[in-house]
Amino acid sequence: MHHHLLQSLRLCATTGNPSHGKTLHALILKIGLDQYGALPNTLISMYAKCGLINHAVQLFDEMPQRDPVSWASILTAYNRANLPNRSISIFPNMFVHDHLQPDHFVFASLVNSCAALNALKIGRQVHAQFVMSRFSSDDITKSSLVDMYAKCGSLDVARAVFDTIRSKNTISCTAMISGYAKGGRKSEAIELLKDMKVQNLFSWTALISGLIQSEHFITAFHLFIQMQKEGIKIVDSFILSSLIGASANLAALELGKQVHCLVSKLGFESSLYVCNTLVDMYAKCSDILAAKTAFHSTVKKDVISWTSIIVGLAQHGKAEEALSLYNDMISTGLKPNEVTFVGLIYACSHVGLVNKGRDLFKSMVDDYGLNPNLQHYTCLLDLYSRSGHLDEAENVLNTMPFEVDEAVWASLLSACKRFGKTRMGIRVANRLMGLGVKDPSSYILLSNAYAGASMWESVAKVRKLMAVIDVKKEPGYSCVHLGKETEVFYAGETGHPMKNEMRVLLKDLEEEMRKRGYVPDVSFVLHDMGKQEKENQLFWHSERLAVAYGLLNGVPGSVIRVVKNLRVCGDCHTVLKFICGIVGREIVVRDASRFHHFKDGKCSCSDFW
DNA sequence: CTAGGGTTAG
């Protein structure tokens, strides 16, 4: 009878459905076996695996006689319920109340809690106890320790523990590979995988996703091809969502589409992780229509699905759609989280919905009990700045409970320039100067602000600082995606085989632009040089080259998609607005901070970025 | 009866 009950409980645990388990529990109570043999601990584990942590805790608390297995079970239950801090806080009661010593199962669970909490200090304490215990040679606890140290960034300690593991297996190696890969230690990660006798999908996934997290995207794709050549079967979707994320990071639409095809071919279209990354990928690859399609074809949507599309729409300047989807989300009964609100407030700032944005900020705190973070304040500030509510913006800046960095002050300064608030501009400029400036574009803003107020001494000071600190602008480059081909252009690049055609095209366009009222704005050029020279610099900015190339080589009438590493220059922004009108083409530029959809002479960012 | 590795939004 006892044996049969244990087996039934184990079955409930694997199916994850507690209803049969509850019936069994009732039966066990009725026949008085609830404290007999392995039954109480198995019940705890069954409830935990079915997601009913409270039932598990109640059983544990009410047990008259607990043993180390009970402790291992409850600690695992807390970890499983995403409450690793509870594990750490109740553990001392194992000594204090129950007078028990931890075994290797308990150690492994505790190490896992520390890994989840990134609690290196406590992790080291557990490690010390483990070393002094009679279980100190347990390999499984050691592989947990490897994982814990790796997750806390102590890769060399992780390796030292790894080297003491007597019989290394796929699991311990995978933990170490994952650590190296996430830490960007590419060659060590790859070498360890190559040395493994048995490689499986887990170890390859750890390697490839880890490298993607440390931004080695191209290497990751090469390794993925190699993995398939080795005949590793893709039996779950973990690696696919990682690769879709990598495509998003590269803004490589064609690559992302290929992974999407693979998803369909292998039958993982219903995986929520995959669906969510697809929405994000299409948005980041500037194909917001495909992002919407992916979102609507997600059957069971969670907060992340909704947030992904809301953020995507917001970044593409489609604020009304983002806000309307938020209403749909609320009516499904889902609760937004802090990321959702970043997207929403960001959306409001794009279309100047000041009151709506302010209400959302309030609603986040009052209705959902969320704490605004630096990003929320930055969005709120942006909302006020963009709409010309500069006093409110300055007020937010002075009262928000966060340290503010250079970029935030610079953004307010640029708003002052835009709305002609000279006096506030000087105040902000002085604050910015006091902060210590690193970004070259901040120097341009500062110099322009002081020049605008005829404060020539300050202008000279900024210039001098610039020379002393030797501000180096990261070289600007733009990629244009034409079907499967990608062409990269650097600012001032002169060696391209199609240079002449591109120059002729840009010259022709400039002539037409000047007829329509275009005047080059040389205030965006950093270096000291003559006006003609400055205009010449602007002419060869990488985003223009990329667009010219796209016009010459792309499919006529198609959308031109450009990705730039820096923020798009102000003069280029004006130029692209003219060009899209002249040639009647849509141009989408993803720059370092947002998307710009140029269409019919206008840009989706409303000229503020 | 209890323990170890790999995916998503800012």
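Heavy-atom basis, side chains included; hydrogens, waters and symmetry copies ignored. Because the structure is predicted, anything quoted here is derived from the model rather than measured. In what follows, chains carry the letters A, B, and so on, assigned in the order in which the sequence lines appear, proteins first and then strands, with residues in each chain numbered from 1.
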Here the distance between atom P of B:dG4 and atom CZ of A:Phe135, to the nearest Å, is 17 Å

Atom NZ of A:Lys49 and atom P of B:dC1 are separated, to the nearest Å, by 10 Å

Indicate whether OP1 or OP2 belonging to B:dC1 is found under 4.0 Å from a side-chain N or O atom of A:Gln7.
no

**Study point:** Touch class at under 4.0 angstrom, heavy-atom based, for A:Leu201 against every strand present
**Key:** base

* Asked: What nucleic acid atoms does A:Thr340 come within less than 4.0 Å of, heavy atoms only: base, sugar-phosphate, or nothing?
  -> nothing

Here the distance between atom P of B:dA9 and atom CG of A:Asn373, to the nearest Å, is 16 Å

Ranking B:dT2, B:dT7, B:dA3 by distance to the side chain of A:Lys182, first place goes to B:dT7

Between CG of A:Leu192 and C1' of B:dG6 the distance, given in whole Å, is 15 Å

Regarding the side chain of A:Ser109, the nearest nucleotide among B:dC1, B:dA3, B:dG6 is B:dA3

I'd like to know if A:Asn112 reaches the base of B:dA3 with its side chain such that a donor and an acceptor end up less than 3.5 angstrom apart.
no

Open item on the list: What contact category does A:Thr307 fall into here, base, sugar-phosphate, or nothing, at under 4.0 angstrom with non-hydrogen atoms?
Closed with: base

Quiz prompt | A:Thr277 side chain to A:Asp280 side chain, donor-acceptor N/O pair below 3.5 angstrom | solution = no

Per atom distances to the A:Val311 side chain, the nearest of B:dG10, B:dC1, B:dA3 is B:dG10

Check residues 78-89 of chain A and write down every donor-acceptor pair under 3.5 Å in which the side-chain atom is one partner and the other belongs to a residue at least two apart or another chain.
| unit_1 | atom_1 | unit_2 | atom_2 | d |
| --- | --- | --- | --- | --- |
| A:Asn79 | OD1 | A:Ser87 | OG | 3.2 |
| A:Asn79 | OD1 | A:Ser113 | OG | 2.9 |
| A:Asn79 | ND2 | A:Ser109 | O | 3.0 |
| A:Asn79 | ND2 | A:Ser113 | OG | 3.3 |
| A:Ser87 | OG | A:Leu75 | O | 3.2 |
| A:Ser89 | OG | A:Asn85 | O | 3.2 |
| A:Ser89 | OG | A:Arg86 | O | 3.1 |

Considering only heavy side-chain atoms of A:Thr205, the closest of B:dT2, B:dG6, B:dA3 is B:dG6

Testing B:dG4, B:dT2, B:dG10 for proximity to the side chain of A:Ser144, the answer is B:dG4

task: Would you indicate what A:Leu6 reaches in the nucleic acid, counting non-hydrogen atoms under 4.0 angstrom: base, sugar-phosphate, or nothing?
output: nothing

Here the distance between atom C1' of B:dG10 and atom CG of A:Asn249, to the nearest Å, is 13 Å

Of B:dG6, B:dA9, B:dC1, the nucleotide closest to the side chain of A:Ala206 is B:dG6

Review point. Hey, does A:Lys168 reach any base, or is it just sugar-phosphate, or nothing, if we go heavy atoms under 4.0 Å?
Key: nothing

Heavy-atom nearest pair, A:Phe221 first then A:Leu243, reads CZ-O, 3.6 Å

Inset, instruction - Select base, sugar-phosphate, or nothing to describe what A:Asn200 touches, counting heavy atoms under 4.0 Å on all strands. - result: base

Rounded to whole Å, CE of A:Met176 lies from P of B:dG4 at a distance of 19 Å

Q. Does a salt bridge link A:Arg159 with A:Glu188, judged by any charged N lying under 4.0 Å from a carboxylate O?
A. no

Donor-acceptor pair, A:Arg66 side chain versus A:Phe60 backbone, under 3.5 Å? yes

**Message:** Could you tell me if A:Ser203 and A:Asn200 have a donor-acceptor pair between their side chains, going purely by distance under 3.5 Å?
**Reply:** yes

Ranking B:dT8, B:dG6, B:dA3 by distance to the side chain of A:Asp147, first place goes to B:dG6

Base of B:dA3 and ring of A:Phe105 stacked, centres under 5.5 Å, planes under 30° = no

Here the distance between atom C1' of B:dT2 and atom CG of A:Asn79, to the nearest Å, is 12 Å

With a non-hydrogen cut-off below 4.0 angstrom, is A:Asp236 in contact with a base, only sugar-phosphate, or nothing?
base

Between CD1 of A:Ile74 and C1' of B:dC1 the distance, given in whole Å, is 14 Å

- prompt: Contact class for A:Val339 vs. all strands (heavy atom < 4.0 Å): base, sugar-phosphate, or nothing?
  reply: base

In residues 262-269 of chain A, what donor-acceptor pairs under 3.5 Å come from side-chain atoms, sequence neighbours left out?
| unit_1 | atom_1 | unit_2 | atom_2 | d |
| --- | --- | --- | --- | --- |
| A:Ser264 | OG | A:His260 | O | 3.2 |
| A:Ser264 | OG | A:Glu269 | OE2 | 3.3 |

Among the nucleotides B:dC1, B:dT2, B:dA9, whichever has the atom closest to the side chain of A:Ser308 is B:dA9

Can you say whether a donor on the side chain of A:Thr277 sits under 3.5 Å from an acceptor on the base of B:dT8, or the other way round? no

Taking any heavy-atom pair under 4.0 Å as a contact, classify A:Asn169: base, sugar-phosphate, or nothing.
base

* Using a 4.0 Å heavy-atom cut-off across all strands, classify A:Lys284 as base, sugar-phosphate, or nothing. => sugar-phosphate

- Query: Donor-acceptor pair under 3.5 Å: do we get one between A:Ser143's side chain and the base of B:dG4?
  - Reply: yes

* Can you tell me if the side-chain N/O atoms of A:Lys151 get under 4.0 Å from OP1 or OP2 in B:dG6? -> yes

